[in-house]
Engineer: 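My questions all concern the structure below.
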Amino acid sequence: PADATVTRTLQVHGEDEGKFELVLMITGQPNLEDTASFSGELVSPRLEITQKPIQRVRYLGQEVEYEITVKSIGSDTAKDVLLINSLPSGADFIESTPEGKMEAGKVIWDLGSLEPGRSAKIRLRARADRQGSLVNRTSVAAKGIEAQESTSEVEVIGVVGMMMDCVDTVDPVEVGKETTYVVRIRNQSTATEATHVVIRTELPEQCKYISAESSTGAKHVYDKSKHE
């Protein structure tokens, strides 16, 4: 009817973020035609998580440090951002910057809101108490955003080392008398058993070899030509 108003509702589902323009056209009789347009923007919060170890190879007992970065890469603010780090077996938590909350073997940070382009960085320190590969897993989630995970790997190797000390039972020694030298060897390695261990001793010209024995039953050879 003339001078009547009709209202219609159009619902659409935003598939991808970005600016858009909605064009409406109306036609009718007699010779009725009109066009209207509406501009808008679809926004969406999105997060990106990365992490890396500061050192990729550590010795058993040393500290392991990770740098974790969460960045807001969407077109809208990410809200209620929650970061959760699951330490691997063999890594004992020491501290983090900023400070996180330790719960059931996991470290949790409430990062609040992150505006587009903003990021948050976390430093996590732990101590390696197991040899092998330590895979650290960190996930981030926010309101309306599914959880994402990032991993990083550190190789922990054992320490290899030997310690030796030597003491004499009589010092000084009278000419014509005897003394005994006690040599102690300790395997300080945390990596493996020491094999093919050989001790060589060079006697001074003033001394004469008498005998030798070992607490492990190891064989000994005296080379008279070299006084060994």
Engineer: Hey, is CZ on Arg186 packed in by over 12 heavy atoms from elsewhere, all under 6.0 Å?
Structural biologist: no
Engineer: Report yes or no: does Arg127 contribute a side-chain atom to a donor-acceptor pair with the main-chain N or O of Gly61 at less than 3.5 Å?
Structural biologist: yes
Engineer: Can you name the nearest heavy-atom pair linking Tyr209 to Leu203, along with the distance?
Structural biologist: CB-CD1, 3.6 Å
Engineer: Measuring from Ile73:CD1 to Arg46:CZ, what's the distance to the nearest 0.5 Å?
Structural biologist: 4.5 Å
Engineer: Could you check if a side-chain atom of Leu124 sits within less than 4.5 angstrom of a side-chain atom of Asn85, using non-hydrogen atoms only?
Structural biologist: yes
Engineer: Out of curiosity, does Val140 fall in the hydrophobic cluster containing Met102 (side-chain heavy atoms, cut-off under 4.5 Å, transitive links)?
Structural biologist: yes
Engineer: Are Leu60 and Val154 grouped together when hydrophobic residues (ILVMFWY) are joined by side-chain heavy atoms under 4.5 angstrom apart?
Structural biologist: yes
Engineer: Step by step, would you call Arg125 with Glu63 a salt bridge (charged side-chain N to carboxylate O under 4.0 Å, His left out)?
Structural biologist: CA-CA 7 Å; Arg125 293 172 56 220; Glu63 291 185 6; 2.6 Å; yes
Engineer: Judged by atom type as modelled, is there a donor-acceptor pair below 3.5 Å linking the side chain of Ser75 to the main-chain atoms of Ser44?
Structural biologist: yes
Engineer: Give a yes or no on whether the backbone of Pro98 and the side-chain of Trp109 come within a donor-acceptor separation of less than 3.5 Å.
Structural biologist: yes
Engineer: Contact between Val81 and Ser113 at the side-chain level, heavy atoms closer than 4.5 Å - yes or no?
Structural biologist: no
Engineer: So, taking the atom named CD1 in Ile68 and the one named OG1 in Thr50, what distance separates them when rounded to the nearest 0.5 Å?
Structural biologist: 9.5 Å
Engineer: Is any side-chain heavy atom of Thr35 closer than 4.5 Å to one of Val23?
Structural biologist: yes
Engineer: Under 3.5 Å, is there a donor on one side chain and an acceptor on the other for Thr179 and Asp168?
Structural biologist: no
Engineer: I'd like to know whether CZ of Phe93 has more than 12 heavy-atom contacts from other residues, nucleotides or ligands below 6.0 angstrom.
Structural biologist: yes
Engineer: Counting only heavy atoms not in Ile26 (residues, nucleotides, ligands), do more than 12 fall under 6.0 Å from its CD1?
Structural biologist: no
Engineer: Quick one: CG on Leu114 to CG on Asp76, what's the gap to the nearest 0.5 Å?
Structural biologist: 12.0 Å
Engineer: Do Thr27 and Glu33 have side-chain atoms, one donor and one acceptor, less than 3.5 Å apart?
Structural biologist: no
Engineer: For the CD atom on Glu174, are there more than 12 heavy atoms of other groups (residues, nucleotides or ligands in this structure) within a distance under 6.0 Å?
Structural biologist: no
Engineer: Which heavy atom of Gly74 sits nearest to which heavy atom of Pro116, and what is that distance?
Structural biologist: O-CB, 3.4 Å
Engineer: Considering only NZ, NE, NH1 and NH2 on the basic side and carboxylate oxygens on the acidic side, decide whether Glu103 and Lys101 come within less than 4.0 Å.
Structural biologist: yes
Engineer: Return the minimal non-hydrogen interatomic distance between Ser89 and Arg130, and the atom names on each side.
Structural biologist: O-NH2, 2.7 Å
Engineer: Using distance alone, with no hydrogens and no angle criterion, decide if Ser139 and Glu149 have a side-chain donor and acceptor under 3.5 Å apart.
Structural biologist: no
Engineer: Between atom CD of Glu48 and atom OG of Ser150, what is the distance when rounded to the nearest 0.5 Å?
Structural biologist: 9.5 Å
Engineer: Check whether more than 12 heavy atoms from other residues, nucleotides or ligands sit under 6.0 Å from atom CE of Met163, and answer yes or no.
Structural biologist: yes
Engineer: Does any non-hydrogen side-chain atom of Ser152 lie less than 4.5 Å from one of Val135?
Structural biologist: no
Engineer: Compare every heavy atom of Leu134 with every heavy atom of Pro88, then report the nearest pair and how far apart it is.
Structural biologist: CG-CB, 4.0 Å
Engineer: Just wondering, more than 12 heavy atoms not from Glu95 lying within 6.0 Å of its CD?
Structural biologist: yes
Engineer: Would you name the heavy atoms of Lys71 and Gly117 that are closest together and state the gap between them?
Structural biologist: CE-O, 4.2 Å
Engineer: My understanding is that only one of Ile122, Thr69, Asn136 makes a side chain to side chain contact (heavy atoms under 4.5 Å, CB included) with Gln51; could you say which?
Structural biologist: Asn136
Engineer: Are Leu111 and Ile49 connected in a single hydrophobic cluster, I mean Ile/Leu/Val/Met/Phe/Trp/Tyr linked by side-chain heavy atoms less than 4.5 Å apart?
Structural biologist: yes
Engineer: Examine Val167 and Val183 and state if one hydrophobic cluster contains both, with Ile, Leu, Val, Met, Phe, Trp and Tyr joined whenever side-chain heavy atoms are less than 4.5 Å apart.
Structural biologist: no
Engineer: Salt-bridge test for Glu65 and Arg123: reply yes if a basic N is under 4.0 Å from a carboxylate O, no otherwise.
Structural biologist: yes
Engineer: Counting only heavy atoms not in Arg118, do more than 12 fall under 6.0 Å of its CZ?
Structural biologist: no
Engineer: Check whether any side-chain heavy atom of Thr151 sits under 4.5 Å from a side-chain heavy atom of Glu153, and report yes or no.
Structural biologist: no
Engineer: For the backbone of Ala128 and the side chain of Arg58, can you confirm whether one donor and one acceptor N or O come within less than 3.5 Å of each other?
Structural biologist: no
Engineer: Indicate the atoms forming the closest heavy-atom contact of Ala142 with Ala78, along with that distance.
Structural biologist: CB-CB, 4.5 Å
Engineer: Look up atom OG in Ser133 and atom CD1 in Ile157, then write down how far apart they are to the nearest 0.5 Å.
Structural biologist: 13.0 Å
Engineer: Measure the shortest side-chain to side-chain distance between Leu83 and Thr138 over non-hydrogen atoms and say whether it is less than 4.5 angstrom.
Structural biologist: yes
Engineer: When rounded to the nearest 0.5 angstrom, what distance separates CD1 in Ile185 from SG in Cys166?
Structural biologist: 10.0 Å
Engineer: Heavy atoms, side chains only, cut-off 4.5 Å: are Ser37 and Glu21 in contact?
Structural biologist: yes
